[in-house]
J.: 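Would you mind keeping the following structure in view while I ask a few things?
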Amino acid sequence: MGIIIGLLANILGLYLAHLWIAGFAVIGGWWGYLIAGLVLGILNLVVRPILKIVSFPLILISLGLFLIVINAIILWLAAQLTNYIIIEDLIALLWATLIIAAVNFIARWFK
């Protein structure tokens with residue numbers, strides 16, 4: 001059940017970021033959201049822990065704020081691996097990262 005909630009949270013976060021952020025888009029309709037959400041979930045499951053271990057000193061020094069950079073890297077990687085996510089600039093990437101992280105934070109209450 002937690003995997004389904006995580007997938008739905010990723011899809012909702014991508015949808016809200018698409019609606020609210022100029023320069024961030026998800027193309028392909030609901031199929032694009034589903035594929036992008038799956039890729040984002042797999043990257044969060046596989047790549048994110050590795051990045052957290054490697055960058056642990058930076059996370060400590062920044063009091064956890066470097067996790068935003070890690071989340072942005074994961075979102076950028078998802079955009080590079082799929083043709084469904086379009087990110088025009090760094091500002092759009094950072095705002096979309098914050099929106100998706102906020103939706104996932106709220107979704108953790110329901111897991």
Side-chain angles (χ1 to χ4, degrees):
M1 188 69 175
I3 294 172
I4 302 290
I5 292 173
L7 176 63
L8 292 175
N10 282 335
I11 292 171
L12 178 62
L14 288 167
Y15 179 72
L16 292 176
H18 173 78
L19 286 179
W20 294 340
I21 307 299
F24 182 87
V26 178
I27 58 173
W30 287 107
W31 182 253
Y33 285 107
L34 179 64
I35 298 298
L38 279 171
V39 169
L40 196 58
I42 291 169
L43 287 173
N44 277 327
L45 189 65
V46 176
V47 177
R48 190 169 190 258
I50 296 168
L51 288 176
K52 286 173 70 175
I53 290 170
V54 170
S55 63
F56 183 70
L58 291 172
I59 294 170
L60 280 179
I61 290 170
S62 69
L63 301 176
L65 290 177
F66 194 74
L67 291 171
I68 296 170
V69 174
I70 292 174
N71 288 340
I73 290 169
I74 296 295
L75 183 57
W76 179 81
L77 279 173
Q80 297 303 311
L81 293 173
T82 68
N83 293 326
Y84 296 108
I85 302 173
I86 298 171
I87 303 169
E88 292 183 6
D89 57 5
L90 184 62
I91 300 299
L93 174 64
L94 290 176
W95 280 111
T97 299
L98 291 174
I99 289 171
I100 294 168
V103 171
N104 279 308
F105 177 76
I106 293 168
R108 280 190 215 128
W109 291 344
F110 300 103
K111 285 186 178 181

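What you see is a predicted model; the values in this text were computed from it and never measured.
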J.: Between Leu60 and Phe66, is there a shared hydrophobic cluster once you connect ILVMFWY residues whose side-chain heavy atoms come closer than 4.5 Å?
T.: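 No: no chain of side-chain contacts under 4.5 Å links Leu60 to Phe66.
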J.: Would you call Leu12 and Leu8 a side-chain contact if the rule is heavy atoms closer than 4.5 Å?
T.: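 The answer is no; the side chains never approach within 4.5 Å.
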J.: What are the two closest non-hydrogen atoms of Thr97 and Ala72, and how far apart are they?
T.: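 Residues Thr97 and Ala72, closest heavy atoms: OG1-CA, 3.4 Å.
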J.: Any side-chain heavy atom of Leu34 sitting closer than 4.5 Å to one from Leu7?
T.: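 Side-chain contact under 4.5 Å: yes.
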J.: Might you point out which heavy atoms bring Tyr84 and Gly32 nearest each other, and give the distance in Å?
T.: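 Where Tyr84 meets Gly32 most closely, the heavy atoms are CD2-CA, 3.5 Å.
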J.: Would you mind reporting whether Leu51 and Ile74 have side-chain heavy atoms less than 4.5 Å apart?
T.: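 Yes, at least one pair of side-chain atoms sits under 4.5 Å.
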J.: Is there a continuous path of hydrophobic side-chain contacts, each under 4.5 Å between heavy atoms, that joins Ile86 to Tyr33?
T.: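 Per the 4.5 Å side-chain linkage, Ile86 and Tyr33 are not co-clustered.
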J.: Scan residues 86-111 for pairs that pass ring-ring contact (aromatic ring centres under 6.0 Å, His included), counting only residues two or more places apart or in two chains.
T.: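 Passing the test, one end in residues 86-111: Phe105-Trp109.
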J.: Nearest 0.5 Å, please: how far is CD1 in Ile73 from CD in Gln80?
T.: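 That separation rounds to 12.5 Å.
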J.: Once you round to the nearest 0.5 Å, how far does CG of Leu90 lie from CH2 of Trp76?
T.: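 The CH2 atom of Trp76 is 12.0 Å from CG of Leu90, to the nearest 0.5 Å.
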J.: If you group Ile, Leu, Val, Met, Phe, Trp and Tyr by side-chain heavy-atom gaps below 4.5 Å, do Leu67 and Leu65 land in one group?
T.: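 Result: yes, single cluster for both.
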J.: Sort out for me which residue in Ile70, Leu94, Leu14 forms a side chain to side chain contact (heavy atoms under 4.5 Å, CB included) with Leu75.
T.: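 The single option meeting the side chain to side chain contact (heavy atoms under 4.5 Å, CB included) with Leu75 is Leu14.
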J.: For a quick test of reading the model, state the closest non-hydrogen atom pair linking Leu40 to Ala78 and the distance between them.
T.: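 Looking at all heavy atoms of both residues, the closest pair is CD1-CB, 4.0 Å.
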J.: Quick check for you: to the nearest 0.5 Å, what is the distance between His18 atom NE2 and Ile85 atom CD1?
T.: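 With rounding to 0.5 Å, NE2 (His18) is 12.0 Å from CD1 (Ile85).
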J.: Can you measure from CD1 (Ile100) to CD1 (Ile11) and round to the nearest 0.5 angstrom?
T.: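 One gets 11.5 Å once the value is rounded to the nearest 0.5 Å.
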J.: As a test of understanding, state which of Asn104, Leu19, Leu16 forms a side chain to side chain contact (heavy atoms under 4.5 Å, CB included) with Ile99.
T.: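 The side chain to side chain contact (heavy atoms under 4.5 Å, CB included) with Ile99 is passed solely by Leu16 among Asn104, Leu19, Leu16.
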J.: What distance separates Ile42 CD1 from Leu77 CG, expressed to the nearest 0.5 Å?
T.: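 Output value for this atom pair is 13.0 Å.
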J.: In Å, rounded to the nearest 0.5 Å, how long is the span from CG of Leu43 to CG of Asn71?
T.: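 Those atoms lie 11.5 Å apart.
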J.: Tell me whether Ile91 shares a hydrophobic cluster with Ile87, the cluster being built from Ile, Leu, Val, Met, Phe, Trp, Tyr side chains joined at under 4.5 Å.
T.: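 The answer is yes; both residues are in one hydrophobic cluster.
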J.: Kindly work out whether a path of hydrophobic side-chain contacts (I/L/V/M/F/W/Y, heavy atoms less than 4.5 Å apart) joins Ile27 to Trp30.
T.: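 No, Ile27 does not connect to Trp30 through the hydrophobic network.
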